[in-house]
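For reference, the structure discussed in these notes is given below.
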Amino acid sequence: MSNPASTPAPPNRNSTTTTNLGLAKDWSEFCRALERAGEVVLRDAAPDTPLDRAEGFRYLSRLTREMLYSCVDNADPDFPRLHELDLVKIGADNPDNVYLSANIRGDRSYRITGKRGTIAYFSIGSKANRYAKDGTMASTGELTDADLVVEPDGTVEIIASATEQGRNWLPLAPDSTGLVVRQTYLDRSTETPGQWHIERLDAPAGPAPLSPEFLGGALRRAALSVHGTAATFADWTELFMTRPNELPDFDQEMFQRAGGDPEIYYLHGYWTLRPDQAWVIETEVPDCPYWNFQLNNWWMESLDHRRRISVNKHTATLDGGTLTIVVADRDPGVGNWIDTCGHRSGTALLRWLGADAHPIPRCRVVDLDSLARTPSSTGEDR
């Protein structure tokens, strides 16, 4: 006979059933929360054209994909991975940027290693991501090109921690939850972005097994993040709509609270045009290492990067130091044409990076046919 004391206890079927029911409930709540996120696309202020409505729901599907990956598969702060955003467009994403992100915790320390590459601009920031709660992603530490120490062989080591360490130190705060890397092109044809890796210092031997409690919480965080992100930037668009066809200085502090780069001065706007109209933007250009203008849809996603939807310091043509941008559904042959890609309205953004002055552009709407047709050109006026 076997020793009763050494016989494994039979599985607790009541406990298993309770756990399974809990997981089923978590999944149902996740699905219902995603359905509620659809209310953002259907809000009264949002455009209801077939193109805009389709892009709105595609936007939610992209957010869902990203938030599930971030909250479920790449959520472990002990074993983080730097993840490149793939067609996930949030808050006027920059078409010139390569974005990387990783989940971390402020009470851990991390080593980020890689090669700087030849790309025009690099920055890395630690963030306290609260999109699921209040639509903010406050900066808790920043490290930019101006402070980066690159070894003679092109390699870089960055330590992210609460206390200062190493030659390249990225501060973490108790509420830091993630890292965001921005690598910005001036010229995609000649520049190469860096390659980066992250690891936790003093990491445990291996990751913990998946638990029902973790998964339930992760699904809730993912759904809240989808809804919170979509609602935050839809609210921004409604604010921008109060001053149509302008690029005013709305609120730099608001943009920084949402995860903006402290080196960038943001001029957001809302545009609305008939097919026979053009939005003409004129501005002086400050001395700065980078600037760009881009066109976005109502959901603040940059438009199709395969079309002429942005211009930057390298690609623009200047006239005596003045930048003229023409937003229209066809090329008028003057200025720097930006394609509306079939939209009648949307958002836009002009960024000044590292500038000591931040001119506010002069904007007007004109008849498209009234613009004189002269040969278009590209390339910076030097």
Side-chain angles (χ1 to χ4, degrees), residues 22-73 75 85-93 101 127-138 177-178 215-244 250-251 254-255 257-260 268-272 295-304 340-349:
L23 285 171
K25 181 181 178 183
D26 291 336
W27 180 257
S28 294
E29 290 179 351
F30 167 73
C31 294
R32 287 196 294 270
L34 286 185
E35 183 178 15
R36 289 192 294 273
E39 296 169 3
V40 177
V41 175
L42 301 174
R43 62 168 57 188
D44 291 341
D48 61 358
T49 71
L51 174 59
D52 288 297
R53 187 62 58 81
E55 287 188 345
F57 284 113
R58 183 185 62 183
Y59 172 51
L60 293 184
S61 74
R62 288 171 167 175
L63 290 178
T64 301
R65 171 166 56 89
E66 180 61 25
M67 300 312 175
L68 281 173
Y69 180 77
S70 177
C71 294
V72 178
D73 287 323
L85 297 184
D86 177 23
L87 287 178
V88 179
K89 301 181 175 187
I90 300 174
D93 59 290
S101 65
K127 308 291 181 180
N129 190 335
R130 308 186 191 100
Y131 275 179
K133 297 179 181 179
D134 58 12
T136 65
M137 189 166 67
T177 59
L215 183 61
L219 290 173
R220 284 189 290 275
R221 287 189 296 275
L224 287 170
S225 296
V226 171
H227 199 161
T229 302
T232 292
F233 293 112
D235 289 345
W236 281 24
T237 298
E238 291 196 29
L239 170 64
F240 305 155
M241 291 174 71
T242 63
R243 298 183 65 176
F250 276 102
D251 185 352
M254 178 178 76
F255 304 147
R257 287 198 306 269
H268 286 277
Y270 169 81
W271 59 275
T272 177
L295 213 62
N296 314 307
N297 63 16
W298 200 90
W299 315 105
M300 295 188 67
E301 296 181 295
S302 62
L303 298 183
D304 190 339
T340 59
C341 301
H343 293 79
R344 299 272 66 84
S345 64
T347 60
L349 172 59

If you compare all heavy atoms of [X] against all heavy atoms of [Y], which two are closest, and at what distance to 0.1 Å?
| X | Y | answer |
| --- | --- | --- |
| Glu301 | Glu55 | OE1-O, 3.9 Å |
| Asp26 | Gly216 | OD2-CA, 3.3 Å |
| Cys341 | Leu51 | O-CD2, 4.0 Å |
| Cys71 | Ala218 | O-CB, 3.2 Å |
| Ala92 | His268 | CB-CE1, 3.8 Å |
| Met241 | Ala45 | CE-O, 4.1 Å |

Return the [atom1] to [atom2] distance between [X] and [Y], rounded to the nearest 0.5 Å.
| X | Y | atom1 | atom2 | result |
| --- | --- | --- | --- | --- |
| Trp298 | Thr49 | CH2 | OG1 | 12.0 Å |
| Leu34 | Ser61 | CG | OG | 10.5 Å |
| Leu215 | Arg220 | CG | CZ | 9.5 Å |
| Trp299 | Asp52 | CH2 | CG | 7.5 Å |
| Thr347 | Leu239 | OG1 | CG | 12.0 Å |
| Arg32 | Ser28 | CZ | OG | 5.5 Å |

Does the side chain of [Y] come within less than 4.5 Å of [X]'s, by heavy atoms?
| X | Y | result |
| --- | --- | --- |
| His343 | Leu303 | yes |
| Val40 | Tyr59 | no |
| Leu60 | Val41 | yes |
| Glu66 | Val226 | no |
| Leu219 | Glu29 | no |
| Leu85 | Arg62 | no |
| Trp271 | Asn296 | no |
| Phe30 | Arg221 | no |

Item to check | Verdict with supporting geometry, Asn297 and Lys89, side chain to side chain contact (heavy atoms under 4.5 Å, CB included) | outcome: CA-CA 10 Å; Asn297 63 16; Lys89 301 181 175 187; over 6 Å; no
Checklist entry - Checking Arg65 side chain against Asp86 main chain: does a donor-acceptor pair fall under 3.5 Å? => result yes
Next on the checklist: Can you tell me how the ring of Trp236 sits relative to the ring of Phe233, calling it parallel under 30°, perpendicular over 60° and tilted otherwise?
Outcome noted: perpendicular
